[in-house]
Novice: 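Provided herewith is a single structure, encoded as structure tokens, for subsequent inquiry.
Naming convention: chains lettered A, B, ... in sequence-line order (proteins, then strands); numbering from 1 in each chain.
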Number of protein chains: 2
Amino acid sequence: MARTGRPREFDKDQALERALLLFWSRGFGATSVQDLVEALALERGSLYGAFGDKRSFYLAAVRLYWETYERQLVTALEAGPVLPALREVLANPARAQEYASDVGVPQGCMIGNATAELVPQDAEAREIVARAHARFIQIVATGLRRAQADGEVSRDATPEAQAQLLLFTVQGLSLVSRAGLDTASALAAVDALIDALRA
Amino acid sequence: MARTGRPREFDKDQALERALLLFWSRGFGATSVQDLVEALALERGSLYGAFGDKRSFYLAAVRLYWETYERQLVTALEAGPVLPALREVLANPARAQEYASDVGVPQGCMIGNATAELVPQDAEAREIVARAHARFIQIVATGLRRAQADGEVSRDATPEAQAQLLLFTVQGLSLVSRAGLDTASALAAVDALIDALRA
DNA sequence: CGACTTTTTGACCGCATGCACAAAAGGCCG
DNA sequence: CGGCCTTTTGTGCATGCGGTCAAAAAGTCG
């Protein structure tokens with residue numbers, strides 16, 4: 001099908017990545033189509049043709065964000081001791097401004113941002129977010145189960161409960177960090193949690 | 001000053017409370033001035049006259065939300081054992097839909113919602129949110145300090161670090177709950193944290 | 001009663017938004 | 001080379017938004 005036509009002149013993946021940065025730093029509502037058009041250096045019509053409407057575009061960016069995050073999470077947890085890796089997962093958002101970009105400084109977890117802004121009134125967004133949450137818990141719980149077996153992590157709670165707690169903490173940390181955060185205090189809190197998980 | 005004029009026909013405090021529910025459930029961007037006009041049953045001009053523009057109105061609602069929350073928090077922590085009170089503070093957002101209202105179901109912590117939606121680009125909002133965070137930590141740390149002295153709470157971490165961790169958890173829990181939450185799992189996670197704080 | 005102040009009312013405005021469309025252009029395949 | 005399919009380009013449009021304003025109304029006080 002599709003005898004092929006005029007080839008796309010821009011790189012769709014790259015455009016999505018740039019849009020991701022914009023949406024990440026400003027949020028859905030505060031990013032106008034005009035902003036996107038200027039940041040991606042393409043015409044209004046091309047954007048709609050390639051990605052559908054603004055909402056679909058945003059959701060695609062959120063999906064890409066999660067895919068990337070999930071890949072990193074799996075990699076970080078699959079080998080070696082689990083607690084240091086988890087400490088890193090939590091410490092990351094505590095150290096602000098590392099993903100600085102020219103279009104502004106993305107802050108917080110984009111899944112969390114999407115949760116706050118779109119989830120209440122958008123079923124599709126809710127599904128994406130809920131799936132991300134479930135996957136996070138699943139991945140982390142798998143790591144914790146192994147760590148419990150290795151005697152690295154306390155068995156006072158189930159791996160699922162511990163993973164759920166870690167999800168809350170990551171999301172809360174990312175969110176709170178948007179309002180400014182004393183890095184040292186945040187890291188102290190992270191350490192308190194990691195220590196509490198230790199066997 | 002002010003020889004008095006035509007008296008206001010609506011209850012300003014009550015209007016602010018209703019607006020709080022609307023803003024809480026829909027967020028800032030998704031609540032139009034028209035929505036407010038209809039929900040509060042007053043005319044556009046009256047609204048602007050009484051509260052200034054939409055943003056000021058929203059910030060006033062956020063301030064009211066925090067005042068109410070802070071009062072409850074202080075009350076809950078000032079007497080009796082601290083851990084059960086903290087457990088309740090965390091369990092509250094885990095049990096969804098308790099603040100149901102006719103205008104929709106407010107979800108999550110409004111401070112958290114404001115953080116995600118406005119803080120990146122609004123200095124005044126950032127200040128309100130940051131102050132709320134600081135107050136939360138201060139209040140909770142005070143309770144924890146007493147509880148550590150009483151031997152109720154572990155001294156493995158400073159009360160400040162523990163309070164900071166609790167802030168992250170509450171915020172994360174409130175946020176995640178917007179996407180739907182299995183109450184039992186959430187409570188298990190809360191219990192895991194509370195147990196970890198126990199001496 | 002009448003001057004004065006404030007609120008109410010409802011129409012109104014400019015603007016930015018998301019989106020549609022028609023014409024032109026570009027590359028593939030027969 | 002010529003038909004075909006798709007993307008590009010840029011204009012155009014309706015809608016809904018936040019916000020303003022002037023006149024009418026409702027109290028207060030001298």
Novice: Tell me the interatomic distance from R55(A), atom CZ, to dC19(C), atom P, rounded to whole angstroms.
Specialist: 10 Å
Novice: Report yes if a side-chain nitrogen or oxygen of S32(A) is closer than 4.0 Å to either non-bridging phosphate oxygen (OP1 or OP2) of dA16(C); otherwise report no.
Specialist: no
Novice: From CD of E38(B) over to P of dT9(C), roughly how many Å is that when rounded to an integer?
Specialist: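 The answer, rounded to whole Å, is 15 Å.
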Novice: Grab the CG-P distance between L36(A) and dC19(C) for me, whole Å please.
Specialist: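 Rounded to the whole Å, the gap is 12 Å.
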Novice: Given atom CG of D53(A) and atom P of dT17(C), what is their separation to the nearest angstrom?
Specialist: 15 Å
Novice: Any donor-acceptor pair under 3.5 Å linking the side-chain atoms of Q162(B) with those of Q148(B)?
Specialist: yes
Novice: Under 30°, 30 to 60°, or over 60°: which ring-plane class applies to F28(B) and F23(B), parallel, tilted or perpendicular?
Specialist: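 Ring orientation, 0 to 90° scale: parallel.
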Novice: Which is more 5' along DNA chain D, the nucleotide nearest G52(B) or the one nearest L42(A)? Just name the residue.
Specialist: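 Whichever sits nearer the 5' end wins; that is L42(A).
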Novice: Atom CD1 of I111(A) and atom CH2 of W24(A): how far apart are they, to the nearest 0.5 Å?
Specialist: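 Taking CD1 in I111(A) and CH2 in W24(A), the distance rounds to 10.5 Å.
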Novice: Atom CD of E43(B) to atom P of dG10(C): distance rounded to whole Å?
Specialist: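 It works out to 5 Å between those atoms.
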Novice: Can you tell me if CZ on R55(B) sees more than 12 non-hydrogen neighbours from other groups inside 6.0 Å?
Specialist: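 For R55(B), atom CZ is crowded (more than 12 foreign heavy atoms under 6.0 Å).
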Novice: Base, sugar-phosphate, or nothing: which does S46(A) touch, judged by heavy atoms less than 4.0 Å apart?
Specialist: base
Novice: Between dT7(C), dT17(C), dC19(C), spot the one nearest the side chain of Y48(A), thanks.
Specialist: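 Selected nucleotide (nearest to the side chain): dC19(C).
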Novice: Among dC19(C), dG27(D), dT8(C), which is the nearest nucleotide to the side chain of P7(B)?
Specialist: dG27(D)
Novice: Quickly work out the Y58(B) OH to dG19(D) C1' distance and round it to whole Å.
Specialist: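 Going from Y58(B) (OH) to dG19(D) (C1'), I get 20 Å.
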Novice: Just call it for F10(B): base, sugar-phosphate, or nothing, with non-hydrogen atoms closer than 4.0 Å on any strand.
Specialist: sugar-phosphate
Novice: Which residue, V33(B) or G45(A), contacts DNA chain D at a nucleotide closer to its 5' end, judged by nearest heavy atom?
Specialist: G45(A)
Novice: Send over the distance from D35(B) CG to dG18(D) C1', rounded to a whole Å.
Specialist: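 Computing the D35(B):CG to dG18(D):C1' distance gives 13 Å.
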Novice: Rounded to the nearest angstrom, tell me the gap between atom CG in L47(B) and atom C1' in dA11(C).
Specialist: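 It is 17 Å, rounded to the nearest whole Å.
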Novice: Across the strands shown, which category fits G49(B) at heavy-atom distances under 4.0 angstrom: base, sugar-phosphate, nothing?
Specialist: nothing
Novice: Does any part of the side chain of F51(A), heavy atoms only, come nearer than 4.5 Å to the side chain of K12(A), both counted from C-beta?
Specialist: yes
Novice: Looking for any heavy atom pair under 4.0 Å, which part of the strands does S56(A) touch: base, sugar-phosphate only, or nothing?
Specialist: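 Nothing: the residue S56(A), judged by heavy atoms under 4.0 Å, touches no strand.
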Novice: Examine the base of dG10(D) for any acceptor or donor lying under 3.5 Å from a partner atom in the side chain of R44(A), and report the outcome as yes or no.
Specialist: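 Answer no: no donor N or O sits under 3.5 Å from an acceptor.
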